[in-house]
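Atoms within each ligand, like the ligands themselves, are counted from 1 in listed order. Residue numbers run from 1 in the order of the sequence given. Because the structure is a prediction, the values reported are computed rather than measured.
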Amino acid sequence: MLMAILAWLHNAYGRDLIDGIRAALPGEEIREWPDAGNPDEIDICIIFRMPHGFLKPFTNLRLMSATGAGIDHYLLDPDFPKGIRMVRIVDHDFASRMADYVLTWTLFHHRDVPHFLGAQQRRAWAYKIMRSARDVRVGVMGLGQMGRLAAERLAGIGYDTAAWSRSPHEVRGVTCFAGQEQFPAFLHRTEILINLLPLTTTTRAILSAPTFAQMPQESVVISAGRGGHLVEADLLDALHSGQLRAATIDAFPVEPLPEESPLWSTPNLYITPHCSSTASLETIVDTFAENVRRFRAGEALLNEVDTIAGY
Ligand code: NDP
């Protein structure tokens, strides 16, 4: 019987994650890349990131676990093996950290923090009337684990909140839009747009000129999705023209963002290094261990991904 797990986890937790998995799965043989041994003996893997083609030699692989919410980077591999089941991390604390990020930057832009930071530098008493949250129309793209909690929290502190998803949803206090046909109406009413979509063939390049043009003049974009959602040149144009007043971007097409990128020095563009949320060490270990147990027992898996839909 094949009974080995391959772990390749050069993420922020490094060795602690490997040690945690070994401790949680004492009955399993855990092999750590690059000491994979005979690749035919591996049937489960947990991988943070991998180069294209990496999984090709593992001909008996049956289950793959991500260490986070997104799985787009694995599916983009043209050599990704067919028929592998894939699981990801879904967890309230993980989503709550993302909601913290969304609230931080929504308040930052709504309350125009840069205005006051700049004024203080000039020793200027630059009084400004602040709009009430109830008059600020925020819109969240994506109503999954991340988008739903963020939308609920935004509505909870009083923002006029809407959300947009693929299929219809109901969320208390949130005006819900669904499908491509309702996207324009969602954009027309949204002055702070928050991207919490997965990267799929239909959402790629969604943060681009046609989307920005449908939002009110001087809108704001906050993106904690994926770099593939963003067309950088269109973002720069929209910021320069004033179509967008400001943006906060957490994920970029090339990461780390190259030192020579013009984005670093673009006025009103705020950059964070793909850190909007991270699942806790305990959550990753416990979820993975439970999925390994379920897989071995032939039970339904936690958080299984629809690899056809791409999320
Ligand atoms: P989920 O799979 O739980 O939810 C995805 C949501 O997006 C669903 O509501 C889905 O609609 C909606 N959606 C998918 N495709 C479309 C489409 N074509 N049009 C409209 N809506 C669509 O994802 P999570 O909430 O777990 O995560 C979302 C993304 O957030 C991740 O894929 C990742 O890219 C990003 N992320 C980034 C992090 C970071 O550190 N920067 C950390 C964690 C996540 P429906 O409900 O109808 O299916």
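Residue pairs meeting the ring-ring contact (aromatic ring centres under 6.0 Å, His included) criterion with at least one partner in residues 254-296, sequence neighbours excluded, are Trp105-Tyr270, Phe108-Tyr270, His109-Tyr270.
In this structure, Glu152 and Thr161 have side chains that are not in contact, with every pair of non-hydrogen atoms separated by 4.5 Å or more.
Protein residues lining ligand 1, listed by chain and number: Ala69, Gly70, Arg88, Phe94, Met98, Gly142, Leu143, Gly144, Gln145, Met146, Trp164, Ser165, Arg166, Ser167, His169, Leu196, Leu197, Pro198, Thr202, Thr203, Ala224, Gly225, Arg226, Asp250, His274, Ser276, Ser277, Tyr311 [non-hydrogen atoms, distance under 4.0 Å].
Atom-to-atom distance recorded for Arg245:CZ and Ile192:CD1 is 6.5 Å, nearest 0.5 angstrom.
Not a single donor-acceptor pair under 3.5 Å links the side chain of Ser165 to the backbone N or O of Ala178. Side-chain atoms of Asn60 never come within 3.5 Å of backbone atoms of Asp43 as a donor-acceptor pair (strictly under, hydrogens ignored). Side chain of Ser261 to main chain of Pro258: no donor-acceptor pair is present (N/O by atom type, distance under 3.5 Å, no hydrogens or angles).
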